[in-house]
Amino acid sequence: MFHPVNSRTNFPQLEEKISVLWKNKNVFARSVEARRDGRRFVLYEGPPTANGSPGIHHVLARVFKDIIPRYKTMKGYYAPRIAGWDTHGLPVELEVEKALGLTSKKDIEDFGIDKFNARCRESVFSYLKEWEAITERIAFWVDLDSAYVTMNNDYIETVWWAIKQMWDKELVYQGYKVTPHCPRCGTSLSSHEVALGYRDDTEDPSVYIKFKIIKGLPEGLSKNKPTYFLAWTTTPWTLPGNTALAVASDAEYVVVGNDKEYLIMASARLDAVGLDDYKVKEKLKGRQLVGAEYEPLFNPHEFGVERRRFQGSSELQLQKADKKLTYRVIATDFVSMDEGTGIVHMAPAYGEVDYEAGIENNLDFIHTVDLQGIVTGSYPFSGKFVKDADKDIIADLESRNLLFRSEKIRHTYPFCWRCEAPLLYYAKQTWYIRTTAVKNELIAHNDEINWYPEHIKHGRFGDWLQNNVDWAFSRERYWGTPLPVWRCESCGSYECVGGIKELEKKPGLSGFKEPLDLHRPFVDELTFDCQKCEGKMRRVTEVIDCWFDSGAMPIAQHHYPYENENLLEDGRLPADYISEAVDQTRGWFYSLHAIATLLFNRRCFSNVICLGHVLDAKGEKMSKAKGNVVEPWAVINKYGADALRWYFFTSTAAGNVYRFDESMVAEVSRRFLSTLWNVYSFFVTYANIDRFTPGGEGVSVELSELDRWIISELNQLIVDVDSGLDGYNPTEAGRRIEGFVADLSNWYVRRSRRRFWKSESDADKLAAYSTLYECLVTLAKLLAPFIPFLAEEMYQNLVCSVFTEAPDSVHLADFPVADESKIDKQLGEDIRLAMKVSSLGRAARSQAGIKVRQPLAVNYVGIDLKGRESLERVKPQILEEMNVKELKYDTVENVAALTKDGYVVVGESPCNSAISLEISPELRAEGVAREIVRRLQTMRRSAGFDIADHITTYYQGEAYIRQVMADFADYIKQETLSRELVEGVPEEGVFAESHKLSGYDIALGVKRL
RNA sequence: GGGCUCGUAGCUCAGCUGGUUAGAGCACCGAGCUGAUAACUCGGGGGGCGUUGGUUCGAAUCCAACCGAGCCCA
């Protein structure tokens, strides 16, 4: 006996019950261990930060991370999965700053780095419980107990080791990077923060400056008059940092002159600048200006400022003092003709594009401002804040006749969202990893990766690699893996430390405290002796980008190479599979790829499903501000985790955006899960009535054609689902299962109903039970990776309750293997056609107003010869489904012509169907008998009888009814489980009703025996 | 501003190696069936396949530009 299954169920409740079962039986761990001898299958879990609650998009990623290893486990792979937590980074710091009311780096330092970092340490696990709860609730099977944590000493030590490896290969260097910088908070802002602080209508200077040309003058100009390039800026304070002018190669430039001077600018901007009273002397292309040299507005060497020069990368070389310094004109592709003069002032220290152009053109690089926004050096305006220095600079230029015009404009400018100080784009010293040195390898290894969807490979990710720039990986912050670089206070030499033992051996080490904490400020106190001089080595202040932390997880989670030293050989790197959302292409996907390439020159992962984002029902991004964030718990508690999982797997291709609407999950539950459940419940109900016990292997039963058909479909399904999952396409695989379940429910079970219902337990009935049983058990296994709860419920009841020797969880079972010899493509096509013809027949009946319950003599089908053969093979099914005595074939044309003989014809290419409206007395009587049966069935139900209850039926009626009751007595008894058909008034208390059937009055009564 | 993706029925999605009249599910309307099924069956309304060009005998499908959305980067 199976446990009785109600046709309705509460999925969330069921799931929680199953969850407990798994826990009690330790199923996850056993499912992994059982495959210990199998080939390894490695999932890397991209670590989330547990300082906020998990959102619906996290559920999406986690179920995709789950399904593939579950499938692989069932296929015999050894697939341990380790959870991980990302614990460092600016978001964590910002959260803590907010909680403590701190607004600047100075605030943090006053508060104390030790106390601040202690708060960060607490904060990162503030939602750990909730993360663990949801992970378990959605059945993302991952080892939470051995989770790696990026802030642990072992983890950090491996990260240090990784940096040291790169350091030794000279892949780490110091350069500059232009970032939006708040001079008051003393920190860079992320682009997200910058976006918070844009202000329209900001008043700024708008000045036109003259740069005097020294060399490369256009010919034919009077040598007596000076010639200037005219450039424009809204940030005069960056002018002392100017080291080049940029033009557009293809644009037209003009030389205009008056009696005192010549000016050069783009013709397109002449009117806007208002040089009407100047005469055009010459026209030329931008490229003709390239290389022309001009005099700096301020020679840095005269004001005690250092001058450095790019060497083709972010590295800079100090330049000697040069009294006759000149700068030159370069061509770039970003010169705008919508504002300014078409000649752009370039200050590589104070603009991102300027900086990039600096690298490309080996320009000079000059810093004239410090991090507080104060002008350095010995300029007349030194010591002033940049925005205050503006007017002094303008005045200075005017006094030297280098100012053409000075105005004010209003435009949009970014301010610090916390302190409202104007942001400065500022080149800061930063540590870089020279990823460009391995660019070819990055590209080559990307070729070895299977991307789903495929376009990411050469699209978003491939492009990113093609345009690779060195990784600026240091952060001037507090809560992160400290950069393991020490600098000598006296000679300035650097050393990189790659591990704790190495550190302990450093001569003169001081500040080492137990218990060791590799975070600031404790590492900052570790000093040792310089090997080159008598000086002391002190750690630089930076921490590293937390993307480096997470990108190092393949080795750091195993504390490589200090432990697990064989991890490169035993299949743990590369991973077989990872999955995250698309925004990780330049985040985690990249950091994994880059680090593995830099360290080991191999790819880091072999297959990756790159997920689309989850948007709200209107297609808009979810945000707290909009209030459209979907709370995963609400959905899970209402519909269950399986419904949500199924929605994520099948609603759209994984790479597309998800337009999340709760009603979609509801639909999934109704359409798919409850259909499946009802087939299951139907089976259990009838199997229990008939005390069916599955025979297991080796018991042969004579299958009917219908059985052979669904078994054929089932085996085809196994092939399809297997190849879908093997190809990292759960969507396609899931949709196939949906199709199968629809066929199973709406054709196989409907067509087999009578086989289950009939009283005698013959071979045919056994075949039906065996077949449906096989379908359900196989479905449970196929579905296990998708909807682990429901699959388990079915398996527990269908398999475990019968076969004590079977694995005690569906997740310990093997994935089904198709028996391709049972796939009968022809039979599949035959049935498909039978379904179509049945549909046409029903349409014809519907049009004629004749119920399916009324038997008809003949059904004409217009179809080609091949179709006739098909239908002939499955004829009994059609006869029964259509309730006709005979099926006749003809050409489509001839069948269509039957209309004029009073037939009703319905057609849909390539076939049609016709029925006659004539009904013989015999057929009419049979129809009435079926009406009576239906009535009695309904009454049984209304009376509250059990399906298997036997009854006595009472009837009264006119002669015709009595005749029908007599003629069809056996049939009626069998269908309604009536032991007797008694003519007469039922006794007191019997459930009775009166009806008019086909024009005849009838009174019926049913009594449970 | 650049890159990638997406745009097909009211909604969610198929179709897109070019080839009859563009499909499914849900929703809606009408009818039917009902002792497995909040299921099912039949019918109906609802589509200028984002727009505009081009290639072709033929374009939802290939190409180009544009528009809109999402993401990433400026």
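Residue numbering restarts at 1 for every chain, and letters A, B, ... go by the order of the sequence lines. Worth knowing before you read on, the calculation uses all heavy atoms, side chains too, and leaves out hydrogens, waters and symmetry mates.
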Distance between [atom1] atoms of [N] and [M] (Å, rounded):
N     : M     : atom1 : result
B:G50 : B:A59 : P     : 15 Å
B:C16 : B:A60 : P     : 14 Å
B:A14 : B:A24 : P     : 16 Å
B:U41 : B:G25 : C1'   : 16 Å
B:U5  : B:C66 : P     : 16 Å
B:U17 : B:A31 : P     : 43 Å
B:G10 : B:C33 : C1'   : 28 Å
B:A74 : B:G47 : C1'   : 39 Å

Would you indicate which nucleotide in [options] comes nearest to any side-chain atom of [X]?
X        : options             : result
A:Ala653 : B:C11, B:A14, B:C33 : B:A14
A:Ser846 : B:C42, B:G25, B:G32 : B:C42
A:Tyr686 : B:C33, B:C13, B:A36 : B:A36
A:Arg586 : B:C33, B:C73, B:A36 : B:C73
A:Arg842 : B:C42, B:G70, B:U37 : B:C42
A:Ser745 : B:U37, B:C33, B:C72 : B:U37
A:Asn746 : B:C71, B:C40, B:U5  : B:C40
A:Asn656 : B:U37, B:G32, B:A14 : B:A14
A:Arg735 : B:G43, B:A14, B:U37 : B:A14

Please classify the nucleic acid contact of [X] as base, sugar-phosphate, or nothing, using heavy-atom distances under 4.0 Å.
X        : value
A:Arg8   : base
A:Arg940 : base
A:Thr585 : nothing
A:Asp946 : base
A:Thr652 : sugar-phosphate

d([atom1], [X]; [atom2], [N]) in whole Å:
X        : N     : atom1 : atom2 : result
A:Asp743 : B:U37 : CG    : C1'   : 16 Å
A:Asp463 : B:C72 : CG    : P     : 16 Å
A:Phe756 : B:A36 : CZ    : P     : 12 Å
A:Glu738 : B:U12 : CD    : P     : 17 Å
A:Met882 : B:U41 : CE    : C1'   : 9 Å
A:Trp747 : B:A36 : CH2   : P     : 17 Å
A:Asn678 : B:A39 : CG    : P     : 10 Å
A:Gln847 : B:G44 : CD    : P     : 9 Å

Is the ring centre of [X] less than 6.0 Å from the ring centre of [Y]?
X        : Y        : result
A:Tyr647 : A:Phe660 : yes
A:Phe2   : A:Phe683 : yes
A:Phe648 : A:Tyr658 : yes
A:Phe461 : A:Phe589 : no
A:Tyr680 : A:Trp677 : yes

Watson-Crick or G-U wobble partner for [N], using a 3.5 Å limit on both distances?
N     : answer
B:G46 : none
B:G35 : none
B:U51 : B:A65
B:A60 : none
B:C11 : B:G25
B:G1  : B:C73

Using OP1 and OP2 only, check whether a side-chain N or O of [X] sits under 4.0 Å from [N].
X        : N     : answer
A:Tyr680 : B:A36 : no
A:Arg670 : B:A38 : no
A:Thr976 : B:G35 : no
A:Arg934 : B:U34 : yes
A:Ser839 : B:C42 : yes

Review point. Should we count CD of A:Gln847 as having more than 12 external heavy atoms under 6.0 Å?
Key: yes
Review point. Quick one: do A:Glu732 and A:Arg736 make a salt bridge, cutoff under 4.0 Å?
Key: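 Salt bridge present between A:Glu732 and A:Arg736.
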Review point. Do A:Arg832 and A:Asp743 sit within salt-bridge range, that is, some charged N less than 4.0 Å from a carboxylate O?
Key: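 Yes, A:Arg832 and A:Asp743 are salt-bridged.
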Exercise for review: Tell me, please, which residues at least two apart from A:Tyr426 pass ring pair (Phe, Tyr, Trp, His ring centres under 6.0 Å).
Suggested key: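 Partners of A:Tyr426 by the ring pair (Phe, Tyr, Trp, His ring centres under 6.0 Å) criterion, ordered by chain and then number, come out as A:His181, A:Tyr350, A:His367.
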Practice item. Give a yes or no on whether a donor-acceptor pair under 3.5 Å exists between the nucleobase atoms of B:C71, that is its base, and the side chain of A:Arg460. Key: yes
Check your understanding: Taking for each residue the nucleotide of RNA chain B with the nearest heavy atom, is it A:Val582 or A:Leu744 whose nucleotide lies nearer the 5' end?
Key ->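 Residue closer to the 5' terminus by nearest nucleotide: A:Leu744.
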Point to revise | Earlier contact from the 5' end, RNA chain B, for A:Gly459 and A:Arg941 | key: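 Upstream on the strand: A:Gly459.
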